[in-house]
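First comes the structure, then the notes that go with it.
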Amino acid sequence: MADNDDILLKIRHSAAHVMAEAVIQIFPTAKIAIGPAIENGFYYDFDLPRTLTPEDLEEIEKLMKAVIKGKHTFTRQVVSRKEAEAMFKDQPYKLELIAELPEGEEISIYTQGAFTDLCRGPHVANTGEIDPAGVKLLSISSAYWRGDEKREQLQRIYGTAWRNKKELDAHLTMLEEAKKRDHRKLGRDLEIFFFDDEIGPGLPLWMPKGGVIIEELEKLAKEMEAAAGYERVKTPHLTKESLFLKSGHLPYYAESMYPPMELEGTTYYIKPMNCPFHHKIFGCRTRSYRELPLRLAEYGTCYRYEKSGELFGLMRVRSMQMNDAHIYCAEDQFETEFMAVIDMYNAYFKLFGIEKFLMRFSTHGKEGLGKKYVDNEALWLKTEDMVRKVMTKSGIPFTEVADEAAFYGPKIDVQIWSAIGREFTLATNQVDFAVPERFNLKFMNKAGTEETPLCLHRAPLSTHERMIGFLLEHFAGALPVWLSPVQVAVIPVAEPFNGYVAEIEAMLKTKGIRARADLSSDRFNAKIRLAQAEKIPYMMIAGEQEQTKKTVSVRLRTGEQLKDLAQSAFADLVKGKITSRSLSLQ
RNA sequence: GCCGGAAUAGCUCAGGGGUAGAGCAAUGCUCUCGUAAAGCAUGGGUCGACAGUUCAAUUCUGUCUUCCGGCUCCA
C-alpha cells in the first residue's frame, strides 16, 4: 500500500509539473507559484495575463498529453542559492520561496524537457511513466498566494491523476456517486430543509421532516446530558453590547456578527455564541466548590454573519442551533471532565457509525499572544499540557496543530469530510482559562478562599445544521429508524384493503411509531417506488392474505422481505430498533 | 469578501431578438392491481430583479440578487 501511495504521489506531482510546462507553452509570460500533489490529484497555481476558460483547460490537457508522450526525463539538480535566484529571476513567487529557505538547506530543481521548477521532489523518472489516459484536468478556480487573502490572487487548475484509465474512470464514477449523496440535493429531494431567497442566504427553513430529525437529536442530547450530570438552561437571542465587550468578542469577533441594533440609546447584538450568557448564570451568585463541576447545557440558537462565499448548504449557515454546554470546574477536576466529554463524543460517533474522523488538537502560536490569543503564555503551556496528557492517556489518535487554538484556550476539534470532500469541524471541545476571569467568575474553595474556575466549551453534536447535513451524507439519506421522519410506509396491495391498512397505521401510531398509510389511487408498485425513493426504512404491505390472517408483510428499504409477521411482532421489531437507536433494520 | 461559472414550471432540463416546451410532480376522472413508474385529461411560467440597446428583449449589454466550483474563514 505504501508503495502504491508513493507511485501515485510521484505521478501526481509530476503531472503538476507537466501541466505547468503546458501552461507556459500557451502563456510564455506565466508566473508560476506552487504545484503540489494532493489527495486524488494535483494542482498548480499560476499568475496569468488573462483568466482561463474551460476551453483553455482542454487545450492544456492536450498539450500535457503531448509532453507526456515526449518521454522526457526528470532530472534532479542541486544548485546554490545564487544559481537558483538567477535561474528564477523572472519568477517572483519562486524567488520568494527561495528567500525563505533556511540557510544551509539544499536547494534542488527538477527539469523535464523545456521546464525547470524549484522543487523538493520526488518525481517519476520519466514523463513516459505517466499514463496520459489516467490524467484529467477538473476545474479552474482561484487561490490566494500563500493562502493569504491580502496577497495576489492566482488561478489554480485542479487535476486528477491515476495509474491508468481504469483507475481514473473509477474515481470519476465515485465523484458522480458522491454528488448523489450531497446533503443539499438530499435535503430538497427528501423535503428536510430548503433556502428561500426572500428569507436570506444561510438561513435554512426546516420542513416538517427536518423538524422530526431535530427533535430526535435533541431528545438524544437531553438523555445523554442528563445522564452525564448536565443541567439545561435557556438564554435570550439578544443582548446588550456590553456583554460582548466584557467577553472580549467585540471588536475581535465583530465582523462575524450581525450588525448592532439601536433602541432608546442602547445597542443590542444578536448572539453569535452562548458562552457569555452561561457565564452570567454561573456568576449569578456565589458558587461553592460543592456545586462543581457545574454543567450548563443549551441547544442555543446563534447567528453569525458568515461571508457570502463561505456559505455551503447546511454545513455552513448563518443561523444555527448549537449543542452547546459549558462546564465550570476546578483545576483538579479538569482531566475527568475533559475525558468525559471525549467519551461522549465517542458514544455519539459509535451510535451513528461514524468511523472516518480526525481529532485535531489546536494549540496557540507564540506570535499571536496578545493578538489572536490571550496574553498569558504560562497558562497556555499549562492547559495545553493538560489536554495533551488527557488525550495521550485516552489512547485516541490525534494530530497536534500549532497556531489554531481559540483565543481563550486550546481545543480538540473533530474533523469530518462532506460528500464532495470538503473538510469541516463537526464537534469541538475547548478549554477556556481566560473568559471566566473576565466575567469575574468565582467559587469558594474548601479552604474558604475565592478561586476562578476553568471552563470547558463543548459541542459534541455540533449544530443541528452541520450535524444533519453531515448525517444525511453519511447515511446517503437512509437515516437510521429512530431518526427517520417516516419510519413505516403502510401500503395496501389494492384499494379494498385501505381499511385494514388504516387500522394498522393507527395501531403503529399509538405505539409511538411514525407510520404513514398510502391510500392514494397510485398503483401498488408505484407506492413502493415512492416509499423507496423517500428512503423509508420499512414498507409494510397488506392485502387479502394479511387481512385474513391479521398479519403484515414487510419490505425493508434494503430490498429484503419479511413475510407474514403478526402485527404485534412487527410493531415490536420497529419499536425495538427505535428505542435502541439501532443502525440495523432487522 | 475575492476569482470564475450559472439562473427557463414544485423538480430535472430543452429552446432561442417576434412575449415559451418536455418528462416527473400536482389536480380531476377511469382501472379489482402482491414488492421500484397504470391510462386519459387539466391547471401551472412577469424565462431571478432592475436598467439600457432595439420597432420589438426571456434571448444582446450593464448593475444587483441568489446558487455552484474554489480561495479565505468556520460549529
Side-chain angles (χ1 to χ4, degrees), chain A residues 43 45 51-54 138-158 179 182 184-185 188-189 191 194-202 255-256 272-274 300 302 304-318 320-324 404 406 411 413-416 420-428 430 457-467 469-470 491-497 520-534 539-546 553-557 559-563:
Chain A
Y43 69 78
D45 288 347
T51 51
L52 293 166
T53 63
L138 295 176
S139 62
I140 311 158
S141 66
S142 79
Y144 298 105
W145 171 234
R146 323 274 346 233
D148 183 344
E149 62 183 325
K150 291 184 188 68
R151 302 213 49 185
E152 296 86 341
Q153 193 151 34
L154 307 170
Q155 296 193 64
R156 175 172 296 180
I157 303 175
Y158 280 99
K179 270 191 204 159
D182 190 316
R184 293 169 296 183
K185 180 173 169 46
R188 193 177 48 222
D189 292 349
E191 298 197 334
F194 69 103
F195 293 94
D196 184 277
D197 282 5
E198 276 187 303
I199 287 178
E255 73 169 32
S256 297
M273 59 263 303
N274 307 301
C302 297
R304 297 183 184 173
Y305 197 83
E306 305 289 354
K307 294 184 197 166
S308 55
E310 289 166 351
L311 300 173
F312 179 77
L314 281 183
M315 303 294 263
R316 192 77 182 279
V317 291
R318 285 180 174 159
M320 68 207 82
Q321 306 161 70
M322 263 195 251
N323 175 226
D324 214 354
E404 290 280 332
K411 59 175 179 174
D413 287 331
V414 182
Q415 301 302 109
I416 50 96
I420 60 165
R422 279 206 223 180
E423 184 178 341
F424 287 92
T425 299
L426 187 69
T428 188
Q430 311 179 344
H457 305 236
R458 42 108 279 177
L461 284 181
S462 192
T463 57
H464 282 320
E465 288 71 20
R466 191 167 285 181
M467 192 72 200
F470 173 76
I491 300 172
V493 160
E495 206 189 329
F497 311 106
S520 71
S521 64
D522 278 330
R523 267 179 75 224
F524 160 70
N525 277 342
K527 293 183 182 183
I528 288 177
R529 184 166 182 277
L530 283 171
Q532 202 62 61
E534 211 179 310
M539 278 150 273
M540 199 227 75
I541 288 148
E544 180 83 52
Q545 298 164 33
E546 289 81 3
S553 288
V554 179
R555 176 195 163 100
L556 308 179
R557 67 180 164 210
E560 293 155 277
Q561 293 181 27
L562 312 173
K563 294 248 174 173

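The sequence lines fix the lettering, A, B, ..., with proteins before strands; numbering per chain opens at 1. Only a predicted model underlies this, so the values are computations on that prediction, with no experimental measurement involved.
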Watson-Crick/G-U partner (both atom distances under 3.5 Å) of [N]:
N	answer
B:rG4	B:rC68
B:rA51	B:rU61
B:rC40	B:rG28
B:rG21	B:rC13
B:rU46	none
B:rG34	none
B:rC74	none

Taking the side chain as every heavy atom from C-beta outward, state whether [X] and [Y] have any atom pair closer than 4.5 Å.
X	Y	value
A:Gln561	A:Ser553	no
A:Asn323	A:Arg458	yes
A:Lys307	A:Glu255	yes
A:Met467	A:Leu426	yes

Could you tell me whether the side chain of [X] has a donor or acceptor atom within less than 3.5 Å of a complementary atom in the base of [N]?
X	N	answer
A:Arg316	B:rC73	yes
A:Tyr144	B:rG1	yes
A:Arg523	B:rC31	no
A:Arg555	B:rA36	yes
A:Ser462	B:rA75	no
A:Ser139	B:rG69	no
A:Glu306	B:rG1	no

OP1, OP2 of [N] versus side-chain N and O of [X]: anything below 4.0 Å?
X	N	result
A:Arg188	B:rU12	yes
A:Arg422	B:rG69	yes
A:Arg184	B:rC68	yes
A:Thr425	B:rC74	no
A:Lys527	B:rA37	no
A:Tyr305	B:rC73	no

Counting the atoms with a prime plus P, OP1 and OP2 as sugar-phosphate, which does [X] contact under 4.0 Å by heavy atoms, base, sugar-phosphate, or nothing?
X	result
A:Leu52	nothing
A:Gln545	base
A:Gly543	base
A:Glu546	base
A:Tyr158	sugar-phosphate
A:Ala459	nothing
A:Lys185	nothing
A:Pro201	sugar-phosphate
A:Glu544	base
A:Ser256	nothing

* To do: Start with the C-alpha gap between A:His457 and A:Thr428, add the side-chain angles, then the distance that decides, and say whether side-chain contact (heavy atoms from CB on, under 4.5 Å) holds.
  => CA-CA 8 Å; A:His457 305 236; A:Thr428 188; over 6 Å; no

When the [atom1] atoms of [N] and [M] are considered, how many whole Å apart are they?
N	M	atom1	answer
B:rG34	B:rC68	C1'	44 Å
B:rU66	B:rU61	P	22 Å
B:rC11	B:rA26	C1'	12 Å
B:rG21	B:rG43	C1'	16 Å
B:rU59	B:rA9	P	15 Å
B:rG48	B:rA6	C1'	11 Å
B:rC50	B:rG10	C1'	26 Å
B:rC3	B:rU72	P	16 Å

* To do: Tell me, with the steps shown, if A:Ile528 and A:Ile541 meet side-chain contact (heavy atoms from CB on, under 4.5 Å).
  => CA-CA 9 Å; A:Ile528 288 177; A:Ile541 288 148; 3.9 Å; yes

Heavy atoms from C-beta onward define the side chain here; which of [options] lies closest to that of [X]?
X	options	result
A:Asn525	B:rA36, B:rG1, B:rG4	B:rA36
A:Ser521	B:rU35, B:rC31, B:rG4	B:rC31
A:Thr51	B:rA75, B:rC3, B:rU66	B:rC3

Euclidean distance, atom [atom1] of residue [X] to atom [atom2] of [N] [Å, nearest integer]:
X	N	atom1	atom2	value
A:Leu311	B:rC74	CG	C1'	11 Å
A:Glu423	B:rA75	CD	P	12 Å
A:Trp145	B:rU72	CH2	P	13 Å
A:Arg529	B:rC33	CZ	C1'	17 Å
A:Glu152	B:rG70	CD	P	23 Å
A:Leu154	B:rG4	CG	P	13 Å
A:Met540	B:rG34	CE	P	16 Å
A:Asp189	B:rA25	CG	P	14 Å

* A:Gln415 vs A:Thr425, side-chain hydrogen bond (donor to acceptor under 3.5 Å, both in side chains): CA-CA, chis, key distance, verdict -> CA-CA 5 Å; A:Gln415 301 302 109; A:Thr425 299; 2.8 Å; yes

* Does A:Arg422 count as lying over the ring of A:Phe312, i.e. NZ or CZ under 6.0 Å from the six-ring centre, within 45 degrees of the axis? ->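 So A:Arg422 does make the cation-pi contact.
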
* Given side-chain contact (heavy atoms from CB on, under 4.5 Å), test A:Val493 with A:Glu544 step by step and report yes or no. => CA-CA 8 Å; A:Val493 160; A:Glu544 180 83 52; over 6 Å; no

* Given A:Arg555 and A:Gln532, is the side-chain contact (heavy atoms from CB on, under 4.5 Å) satisfied, shown in steps? -> CA-CA 10 Å; A:Arg555 176 195 163 100; A:Gln532 202 62 61; 2.9 Å; yes

